[in-house]
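Here's the structure we're looking at; comments come further down.
Naming convention: chains lettered A, B, ... in sequence-line order (proteins, then strands); numbering from 1 in each chain.
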Amino acid sequence: MKYSALKGVHDIFPPDVYLWQDVEAAAREVFSAYGFQEFRAPIIESTDVFVRSIGETTDIVEKEMYTFTDRAGRSITLRPEGTAPVVRSYVEHHLYHLPAPQKFFYVGPMFRYERPQAGRFRQFHQIGAEAFGIDEPRIDAELLAMLRVFFERLGLEELNFEINSIGCEGCRPNFRKALRDFFSEKLDRFCPDCRRRYDQNPLRILDCKVEACRTLRDGAPRVTRFLCSACAEHFGTFQSYLQLLAIPFTLNPEMVRGLDYYTRTTFEVTTKHLGAQNAVAAGGRYDRLVEDFGGPPTPAIGFAMGIERIVALLRESGTTIIPSPVVFIATVGEYASKEGLAIAVRLRGRGIWTELGYAGHSLKSQLRRADRLSARYVLIVGEDEMRSGKVQWKRLADGSHGEMPFDEVDSFFMARAEP
RNA sequence: GUGGGUGUAGCUCAAUGGUCAGAGCACUGGACUGUGGCUCCAGGUGUUGGGGGUUCGAGUCCCCUCACUCACCCCA
């Protein structure tokens with residue numbers, strides 16, 4: 001084979017593509033009801049947009065970005081995530097002048113140069129949502145409510161909502177210091193990665209999956225105890241809203257996000273059904289980011305979902321979506337097959353999905369194909385019908401059948417196009 | 001970047017180092033001259049991922065390589 005898709009990227013075609021469409025349609029429906037409007041940002045940005053927001057020492061920036069130099073010598077990066085471009089655009093177009101809150105959602109591909117595995121690809125697709133201008137924790141709860149409705153609409157169950165607060169610029173240094181103090185004396189027993197994390201970002205040690213590190217961090221300080229009073233109150237109110245809305249959640253004080261711009265509320269939607277990559281959606285507050293991009297102080301919160309992972313869950317739950325034609329026209333003889341083509345083009349012009357049998361194949365094989373396609377009706381146009389001026393129709397589900405004059409075909413199916 | 005697993009027909013998979021590499025699904029035709037699903041019969045398709053080696057003989061054993069895949073790492 002001469003050509004194949006690049007490592008970590010995938011072609012998407014039926015029947016999977018129908019699951020994709022369903023996921024995207026569910027997001028548009030549900031998010032619209034919550035007042036989120038679609039936002040289409042470019043797929044390429046200045047490399048700086050990502051380096052400064054995601055964080056210079058994060059894995060994404062250090063070793064996962066698709067970065068290249070364009071013909072004018074600029075450093076360009078294919079977006080590895082969706083929030084930074086939206087924030088860049090929000091600031092660039094002064095959208096903060098519009099009445100708050102501004103709520104946006106986006107759908108599209110992201111790119112990270114990683115070793116592919118289950119649920120992890122080099123080109124993957126996210127649906128994200130961002131809400132600007134609201135500090136109140138009510139919006140945090142609304143986002144989770146929206147996520148819950150979205151997953152219900154798709155029929156997905158057994159999802160866990162995990163929440164945490166990682167505090168603000170004010171209270172996080174205290175926590176970081178407390179962590180270092182706690183880990184310092186037994187640092188040599190941690191894995192090499194954790195020893196590196198100790199210097200760079202000790203919060204990440206909490207997220208290590210190595211068993212030894214898990215036990216070593218028993219009794220480690222909890223971030224929630226180091227929140228300043230404002231952050232603590234914010235987090236408490238957030239939880240009370242979740243209770244009010246009857247959204248079940250679990251507190252996960254060890255949940256640490258991989259992007260540096262997060263503040264206060266963070267959350268993840270996880271599943272047990274996806275192997276190692278168990279997060280289907282994740283997000284949090286980034287109250288400083290708009291300012292970092294040169295805008296006015298603007299609190300904000302958002303999340304992103306992985307479409308591939310959601311589709312994988314749908315597939316695993318046995319969900320299949322296979323659309324089928326309304327009409328299948330089987331013809332016998334050359335004269336009739338021309339008439340069949342004319343009827344098909346007319347019905348299609350009215351928006352009715354119509355398939356044609358292969359001219360020259362036996363009637364039996366044409367009907368068999370109609371059955372395989374799960375066509376709702378078959379029209380039979382043969383030499384007898386051409387003589388009598390009437391076509392036969394048959395409904396495959398129950399075998400009922402009849403005949404009608406040629407000129408009644410359109411109205412017959414217009415009346416029956418909906419299931 | 002590091003480890004493990006797997007590569008055989010369009011798809012899912014068989015084949016102790018030994019004849020011409022086989023099944024099921026799918027596709028077409030027929031049994032049933034123009035009426036689907038069920039059943040039966042018939043029809044053809046392979047650089048066994050690629051390259052090298054061992055052997056009288058390799059899909060099978062060894063080496064290299066490529067691809068896919070799972071996990072670590074990281075994350076959606």
Side-chain angles (χ1 to χ4, degrees), chain A residues 1 3-10 23 54 58-64 79-83 107-129 147 191-194 196-197 201 204 207-211 213 255-259 267-271 274-284 302-313 328 330-333 336 357-358 360-387 392-399 401 403:
Chain A
M1 216 171 302
Y3 295 111
S4 58
L6 295 174
K7 183 190 282 285
V9 308
H10 291 289
V23 170
I54 297 170
T58 56
D59 279 26
I60 292 178
V61 168
E62 278 183 339
K63 50 193 187 193
E64 294 178 2
R79 62 180 184 198
E81 61 103 37
T83 299
V107 181
M110 307 293 162
F111 304 85
R112 292 183 201 174
Y113 192 88
E114 298 185 90
R115 190 83 178 261
Q117 71 182 76
R120 192 175 76 182
F121 314 102
R122 290 184 171 180
Q123 176 178 333
F124 60 105
H125 298 77
Q126 290 189 332
I127 301 174
L147 278 168
C191 71
D193 283 325
C194 280
R196 183 176 53 82
R197 292 178 180 120
N201 189 347
R204 296 251 173 82
D207 205 33
C208 184
K209 293 172 182 84
V210 175
E211 194 54 41
C213 300
M255 183 176 61
V256 181
R257 312 265 53 246
L259 287 66
F267 56 90
E268 268 184 25
V269 183
T270 60
T271 173
L274 284 183
Q277 311 298 320
N278 65 349
V280 293
F303 64 78
M305 313 189 282
I307 300 183
E308 281 85 352
R309 294 182 186 178
I310 295 169
V311 166
L313 283 178
F328 185 98
T331 63
V332 181
Y358 300 119
H361 282 197
S362 69
L363 183 60
K364 186 187 189 70
S365 80
Q366 292 184 64
L367 284 170
R368 188 159 46 223
R369 190 166 147 251
D371 188 60
R372 295 274 155 81
L373 290 171
S374 298
R376 220 156 343 130
Y377 289 90
V378 171
L379 273 189
I380 296 169
V381 187
E383 278 141 14
D384 299 344
E385 288 74 19
M386 294 308 291
R387 268 194 297 277
Q392 292 187 53
W393 63 266
K394 183 170 190 174
R395 192 161 69 187
L396 289 183
D398 59 9
H401 55 90
E403 57 178 27

If you measure from the P atom in G22(B) to the same atom in G46(B), how many Å do you get, rounded?
12 Å

Whole-Å distance separating the NZ atom of K364(A) from the P atom of C38(B):
11 Å

Which value, in whole Å, describes the distance between the P atoms of nucleotides C41(B) and C32(B)?
16 Å

Starting at atom CG of D384(A), determine the distance to atom P of U33(B), rounded to an integer number of angstrom.
14 Å

Under 4.0 Å, counting only non-hydrogen atoms across every strand here, what does G119(A) touch: a base, just sugar-phosphate, or nothing?
base

In plain terms, say whether D371(A) and R368(A) are close enough for a salt bridge, that is, a side-chain N and a carboxylate O under 4.0 Å apart.
no

Mind checking E385(A) for me? I need base, sugar-phosphate or nothing, with any heavy atom below 4.0 Å counting as a touch.
base

If you check every side-chain atom of F121(A), which of G34(B), A76(B), C72(B) has the closest atom?
A76(B)

Nearest of C75(B), A71(B), G30(B) to any side-chain atom of A118(A)?
A71(B)

Looking only at U35(B), A76(B), G29(B), the nucleotide nearest the H361(A) side chain is G29(B)

Under 4.0 angstrom between K7(A) side-chain N/O and C68(B) OP1 or OP2:
yes

Could you measure between the two P atoms, the one in C70(B) and the one in C13(B), and give it in whole Å?
14 Å

Is there a donor-acceptor contact under 3.5 Å linking the side chains of E385(A) and Q392(A)?
yes

L363(A) CG - G29(B) P separation (whole Å)
11 Å

Nearest-Å distance once atom P is located in both A21(B) and U48(B):
10 Å

Take the protein atom CG of D59(A) and the nucleotide atom P of C73(B), then report the distance between them rounded to whole Å.
11 Å

Determine the contact category for Y113(A): base if any of its heavy atoms lies under 4.0 Å from a base atom, sugar-phosphate if only primed atoms, P, OP1 or OP2 are that close, otherwise nothing.
nothing

Using distance alone, with no hydrogens and no angle criterion, decide if Q123(A) and H125(A) have a side-chain donor and acceptor under 3.5 Å apart.
yes

Would you measure the distance from the P atom in A26(B) across to the matching atom in U39(B) and give it in whole Å?
9 Å

Regarding the side chain of Q277(A), the nearest nucleotide among A76(B), A71(B), C73(B) is C73(B)

Starting the side chain at C-beta, find the nucleotide from U35(B), G1(B), G30(B) nearest to R115(A).
G1(B)

Taking atom P of G37(B) as reference, at what distance in whole Å does atom CG of L373(A) sit?
14 Å

Grab the CZ-P distance between R79(A) and C75(B) for me, whole Å please.
19 Å

Look at all strands and tell whether A370(A) reaches a base, only sugar-phosphate, or nothing, counting heavy atoms closer than 4.0 Å.
nothing

Value rounded to 0.5 Å, distance of CD in Q277(A) from OG1 in T270(A)
13.0 Å

Contact class for H125(A) vs. all strands (heavy atom < 4.0 Å): base, sugar-phosphate, or nothing?
nothing

Which is true for G275(A) with a 4.0 Å heavy-atom rule: it touches a base, it touches only sugar-phosphate, or it touches nothing?
sugar-phosphate

With a 4.0 Å cut-off on heavy atoms, is E64(A) in touch with a base, just the backbone sugar-phosphate, or nothing at all?
sugar-phosphate

Whole-Å distance between C32(B) P and L367(A) CG?
18 Å

Using a heavy-atom cut-off of under 4.0 Å over every strand shown, decide if R369(A) touches base, sugar-phosphate, or nothing.
nothing

Heavy atoms only, 4.0 Å cut-off, all strands: where does V332(A) land among base, sugar-phosphate and nothing?
nothing

Under a 3.5 Å distance rule, please check whether R112(A) uses its side chain to pair with a backbone N or O of K63(A) as donor and acceptor.
no

Can you tell me, in whole Å, how much space there is between the P of G59(B) and that of U19(B)?
11 Å

On RNA chain B, nearest-nucleotide positions of E308(A) versus L396(A): which is more 5'?
L396(A)

Taking C72(B), G36(B), C27(B) as options, the one with an atom nearest any side-chain atom of R368(A) is G36(B)

I want to check something: taking the side chain as every heavy atom from C-beta on, are V280(A) and M305(A) in contact at a cut-off of under 4.5 Å?
no

Do L6(A) and R122(A) have side chains that approach each other closer than 4.5 Å (heavy atoms only, starting at C-beta)?
no

Side chain of H10(A), heavy atoms from C-beta onward: which of U69(B), C75(B), C72(B) has the nearest atom to it?
U69(B)

Atom CE of M110(A) and atom C1' of C75(B): how far apart are they, to the nearest Å?
13 Å

Base, sugar-phosphate, or nothing: which does Q366(A) touch, judged by heavy atoms less than 4.0 Å apart?
nothing

Counting side-chain heavy atoms from C-beta on, which of G36(B), G29(B), U69(B) comes nearest to K394(A)?
G36(B)

Could you check whether any side-chain N or O of E114(A) sits under 3.5 Å from a backbone N or O of E64(A), counting only pairs where one atom can act as donor and the other as acceptor?
no

Think S365(A) has a side-chain N or O under 4.0 angstrom from the OP1 or OP2 of C27(B)?
no

Got a donor-acceptor pair under 3.5 Å from the side chain of Q117(A) to the base of C73(B)?
yes

Among U28(B), C72(B), A76(B), which is the nearest nucleotide to the side chain of R112(A)?
A76(B)

Going by purine N1 to pyrimidine N3 plus the second Watson-Crick contact, or the G-U wobble pair, all under 3.5 Å, which nucleotide sits opposite A67(B)?
U6(B)

Between U45(B) and C56(B) - P atom distance, rounded Å
34 Å

G53(B) and A15(B), which share atom name C1', separated by this distance in whole Å
24 Å

Measure distances between side-chain N and O atoms of R120(A) and base N and O atoms of C73(B), and say whether any donor-acceptor pair falls under 3.5 Å.
yes

